[in-house]
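Since the structure comes first, as structure tokens, the remarks are kept for the end.
All ligand and atom numbering here is 1-based and tracks the order in the structure. Just so you know, these numbers come straight off a predicted model, no measurement behind them. Computation of the quantities below employed the complete heavy-atom set of this structure, encompassing side-chain atoms and omitting hydrogens, waters and symmetry-equivalent molecules.
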Amino acid sequence: MTTLLNALPQTSLNPKLDLAWVRSQFPSLSRVINGQRAAFLDGPGGTQVTQSVIDAISHYLKTSNANTHGQYATSRETDEIIYGARSAMADFLGCDSDEIVFGPNMTTLTFAISRAIGRELGPGDEILLTQLDHSANVSPWQALEERGVKIQFVDIGEEDCTLAMDDLARKLSPRTKVVAVGYASNAVGTINDVRAIVRMAHDAGALAYIDAVHYAPHGLIDVRDLDCDFLACSTYKFFGPHMGVLYGKREHLKRLRPYKVRPNTDEAPGRWEMGTLNHECLAGVTTCVDYLAELGGHSSQADSRTSDEGVQPALGIEPKGRTTRRDLLRSAYRAIQSHERDLSLRMLRGLSDIPGLRLYGIADPARVSYRCPTFAIRIDRRHPAELAKQLGERGIFTWDGNYYALNLTERLGVEHDGGFLRIGFVHYNTEEEVERVLGELRSLI
Ligand SMILES: Cc1ncc(COP(=O)(O)O)c(C=O)c1O
């Protein structure tokens, strides 16, 4: 099977992550469990939040708590909060504010889009999904089977858990109306070549729906460059509050018909937002994007302190003109990726030395940029839940099971037996934490 992947950009000009500054922004990182500093290796399930996010949420509730579109100060402030969050997420995803829809989480937003698209589908139509995806990008589409829509699945290469692109090409046809695929796997960390997949979907006349929930904390997303029709993510996976965010091309958000209540606006994007939004969390959404932008500024400063004279600053920022929030986000993600690559390489090296351990997903250090720092493992005769519990008692937070990547655990034959132990790193994790979890795994076997 041929596989094609979207490597993280490799550059020697990456700005350096200011890790001390990063960790000082997250109050929970100083928690102590059973006398040991907590190691949050559960980022794929949800990341920690910065003090600035906590402050923004409580400030909104203290000062501006109201419903929208009223003729008084707190209501106008609430409108501004929503406007600000749309603008922040537009910078985050590389689109315009009116292409951003908020909802309680990615799953709910995906059901809203699948129901609306489903209104126009019936027998003879097909939807292409993958064995690698989280159920949130599977079940909403599978629900359309009751309308007579046929669901197909792209298989994986079992040896490294990458998508079988030849299988994808084979299953695409003029009958395919939607291709729904993850940007990166929340279970095994594979990064898919979504740009190529979007192109293939469009060539077949299908819409492309991207689940970027797992990718968002690890890499900069550019929806214009991907040319996807929809892309969904969740801010609680990238250092913000529990909220879902959907990008939709303006033409689709206007043309498709959502299920909505009559008095709600029929203008996009508001027509896709059911009922009252979580305003306090929207205040936190802007702040988590601003945190990443600030990190970009910090990283570039750290970089310019350490770089040689004459070396071009690694910002991706135009030397002329104003530095935008998007520029700073680009810089932040370069620093994040460089740091996460170091963590991954150390982890891959360490895991390969542990007898009886099997890593699912890309294991070759030379292909490290084709994966996120998310590691799914099993150890001979040890149940993943038991390992996770023992690590948890030592202050190391990991996950066990299928984490809703249910097709994958079934496909790999591990569902009946506890799934995987998942160890996930994000940019606030340290090399010392990598060594610590490796040491504990060695001692547990
Ligand atoms: C890859 C992926 N997609 C979708 C989801 C669902 O996101 P939400 O909880 O926002 O519905 C998750 C949650 O873990 C995920 O990891």
Contact partition for V213 relative to ligand 1, non-hydrogen atoms under 4.0 Å: side chain

Polar atom proximity, M106 to ligand 1 (N or O, under 3.5 Å): yes

Sole candidate of T78, I57, D79 that passes side-chain contact (heavy atoms from CB on, under 4.5 Å) when paired with H279: T78

Nearest protein heavy atom with distance in Å, relative to atom 3 (N) of ligand 1: D211 OD2, 2.5 Å

Donor-acceptor under 3.5 Å (K249 side chain, L253 main chain): no

For H59, all residues meeting ring-ring contact (aromatic ring centres under 6.0 Å, His included), sequence neighbours excluded: none

R224/D96 under salt bridge (charged side-chain N to carboxylate O under 4.0 Å, His left out): CA gap, chis, key distance, verdict: CA-CA 10 Å; R224 295 265 187 268; D96 294 328; 3.4 Å; yes

Distance filter under 4.0 Å to A136 heavy atoms, resulting ligand 1 atoms: 4 (C), 6 (C)

Min heavy-atom dist Y236 to ligand 1 below 4.0 Å: yes

Protein contact of atom 11 (O) of ligand 1 - nearest heavy atom, named by residue and atom, plus distance: T107 OG1, 2.5 Å

Side-chain donor-acceptor contact under 3.5 Å, N278 with H242: no

Closest protein heavy atom (residue, atom, distance) for atom 15 (C) of ligand 1: H134 CD2, 3.2 Å

Residue pairs, two or more places apart or on separate chains, that pass salt bridge (Lys or Arg N to Asp or Glu O under 4.0 Å) and touch residues 199-208: none

Distance from atom 10 (O) of ligand 1 to nearest protein heavy atom, with residue and atom: S234 OG, 2.5 Å

Closest approach of any protein heavy atom to atom 13 (C) of ligand 1, naming residue and atom: K237 NZ, 3.1 Å

Heavy-atom nearest neighbour in the protein, as seen from atom 16 (O) of ligand 1, with distance rounded to 0.1 Å: N186 CB, 3.3 Å

Parallel, tilted or perpendicular: rings of F420 and Y360 (30°, 60°): tilted

